[in-house]
Amino acid sequence: MEELDSEDEEDDQLLPDLPNVEAYDEIRMRVAPNPNGPWHIGHARMPAVIGTYKEMYDGSFLVRFDDTDPETKRPDLSAYDAILEDIEYLGFEPDEVMKASDRVETYYDHARELIEMGGAYTCSCGGEEFSELKNSGKPCPHRDKDTETVIDEFESMVDGDYASGEMVLRVKTDIEHKNPALRDWVAFRMVDTPHPREEAEDYRAWPMLDFQSGVDDHLTGVTHIIRGIDLQDSAKRQQFVYDYFDWEYPEVLHWGHVQVDEYGVKMSTSTIKKLIEDGELDGWDDPRAPTIQSLRRRGIHGSAIVDAMVGLGMSTSGVDLAMSTIYANNRDIVDDASDRYFLVRDGVEKAVVGGPEAGEPPLHPDHEDRGRRHIPVPGAVRVESKDVPANGERIWLKGYGCVRHTRDAFEYTGDDISAVRDEGVDVIHWVPADDTVSVTMRTAEGDVTGEAEPDFADADVDEVVQFERIGFVRVDEQNGDESVVYWTHK
RNA sequence: GCUCCAGUGGAGUAGCGGCCAAACUCACGGCCCUCUCACGGCCGAGCCCCCGGUUCAAAUCCGGGCUGGAGCACCA
């Protein structure tokens, strides 16, 4: 019974326990992005889960930019900082930051050591040629070169004496291994294109992910690796290197791919980059882009994203993340603080006959103490065309009173709320016919324009407000009678 | 073809031998509250992929199948 009680206390933990935590003094993890662009929403899962585990175990994590491909997945120089900013916005602080392209000499040293141990060989087979041998479980003729030749050829690789494709260094694994994915994989290859970072532009022999990452994980004391199922075989590949060096492989967990609904744009860094280059998107923070920067500009809090990502758990199957989950999380955070205003899109002007000179709805229905807005009625108001009642019918202008649609005007019929409570009159939002604030609302479906009530000019840039009956928005620009807002969610 | 991995309401997760004709979050529908279609409250919705087996007892264990995903790159 005592055992049950003590277990109950940890019953509501967010994520399943990491394996074998007792074996380590400190749980250490890493986030290893390729800096080929700012992050899309799916990337948030890395810091969200790893950061949460860090908190659970009072551990640490480092950010390591795996930027060892200057060509195919060429690093974007601005992405290094952009990614670190994304992580900070999500609410996490890395304990350390490093770049693989700063550590190339370390990889060379380990390659030399591996060669000395007979664990690697230089190979000049063409890709297809080798693939055929490999698939039939046959070694290539280079496999049995003597160590000296291998060292010489590797140094030539390091010196940049070969062109791309001429020579690689392979790890000697098991050419007959039942899983073809593990047979004698490439550890280093030649790349003609210089690395975009000045510090690394002279290197031509670049390590492949499995070598670089395997060496780094050990050298940086990583105890737990969490990565996608696309890297399922990586641990098994890297195990060969670990065996040569007599290292202990960290614990590994894999998760499936995250798919996000609601976007027309494919969630891939290269796709988004192309759309921006082609001018289809205005930038990484375009509201139509499925990126972290975009959500940020829309006024979504990092923790709303993090909670949704953590909620996906650690399943290895592919998962669909509904944006509505992020929105619901964010609404929880934002609703109480957001002041209310009226915005009328697609407005129709109606003269108001009779009635007071202004309406005064509260800034927030649950917080009368915040005060009221003042919306003048200069003889006419503007309402959304879909809200105009049929002729002869009544409608309640929120914070103002009841009007009847007669001929082409609104005739004031009083402020007895029983019209709404007992007689079923609908309540709508409205703005004065003049002196409104022109608003451009940027949404994932494109820009929407409208007129906001005068007091909306008081809303500060960066503030999240709710346009009643429309949704929440983040104020992006305020210029007196003109304003740009970004759609947050309903 | 070879090798891995997974399969619980619309989405996600939890449960991992009896307390489970299944819990939670989001979505959806309905009702209530409300001068917002926000917030809040209540209700609805699953034969736990299939077939066998083990067991007094299976969503939970075992075998087979089916379906889905991933890898077999000089990408990460």
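All figures in this text were calculated on a predicted structure; none of them were measured in a lab. Naming convention: chains lettered A, B, ... in sequence-line order (proteins, then strands); numbering from 1 in each chain.
Contact annotation for A:Pro361: no contact, since no heavy-atom pair falls under 4.0 Å across all strands. If you check every strand for non-hydrogen atoms under 4.0 Å, A:Ser338 touches nothing. Within the nucleic acid shown, A:Val168 comes within 4.0 Å of at least one base atom, counting heavy atoms only. Within 4.0 Å (heavy atoms only), A:Phe342 reaches no atom of the nucleic acid at all. Within the 4.0 angstrom heavy-atom criterion, only backbone atoms of the sugar-phosphate kind lie near A:Ile229; the bases stay farther away. Nucleic acid contact for A:Met208: sugar-phosphate only, since backbone atoms but no base atoms lie under 4.0 Å from a heavy atom of the residue. Across all strands shown, A:Ser164 has no heavy atoms under 4.0 Å from either base or sugar-phosphate atoms. Nucleic acid contact for A:Gly256: none, since no nucleic acid atom lies under 4.0 Å from a heavy atom of the residue.
Of the side-chain N and O atoms in A:Arg421, one or more sit less than 4.0 angstrom from OP1 or OP2 of B:rC35. For B:rA73, one of the phosphate oxygens OP1 or OP2 lies less than 4.0 angstrom from a side-chain nitrogen or oxygen of A:Ser131. Between A:Lys236 and the phosphate of B:rU3, there is no side-chain N or O to OP1/OP2 separation shorter than 4.0 Å. Residue A:Thr68 has a polar side-chain atom (N or O) positioned under 4.0 Å from OP1 or OP2 of B:rA76.
Of the candidates B:rA76, B:rA6, B:rG69, B:rG69 carries the atom nearest the A:Gln232 side chain, counting heavy atoms from C-beta on. Comparing atom distances between the A:Arg189 side chain and each of B:rU36, B:rC75, B:rC72 picks out B:rC75 as nearest. Considering only side-chain atoms of A:Ser317, the nucleotide from B:rA38, B:rA6, B:rC4 that sits closest is B:rA6.
Across all strands shown, B:rU36 forms no Watson-Crick or G-U wobble pair with both key distances under 3.5 Å. Using the Watson-Crick or G-U wobble rule with both distances under 3.5 Å, B:rC24 pairs with B:rG12. Pairing of B:rG17, defined by two Watson-Crick or G-U wobble distances under 3.5 Å, is not identified with any nucleotide. Across every strand in view, B:rC4 sits in a pair with B:rG69 that passes the Watson-Crick or G-U test at under 3.5 angstrom. Nucleotide B:rC42: paired with B:rG30 (Watson-Crick or G-U wobble, both distances less than 3.5 Å).
Of the options A:His218, A:Gln239, A:Gln238, a side chain to side chain donor-acceptor pair (under 3.5 Å) to A:Tyr249 is made by A:Gln238 and by none of the others.
Between the side chains of A:Asp415 and A:Tyr400, not a single donor N or O lies within less than 3.5 Å of an accepting N or O. Remark: the A:Asp216 side chain and the A:Tyr107 side chain contain an N/O donor-acceptor pair separated by less than 3.5 Å. Between the side chains of A:Asn330 and A:His489, a donor-acceptor pair is found at a separation under 3.5 Å.
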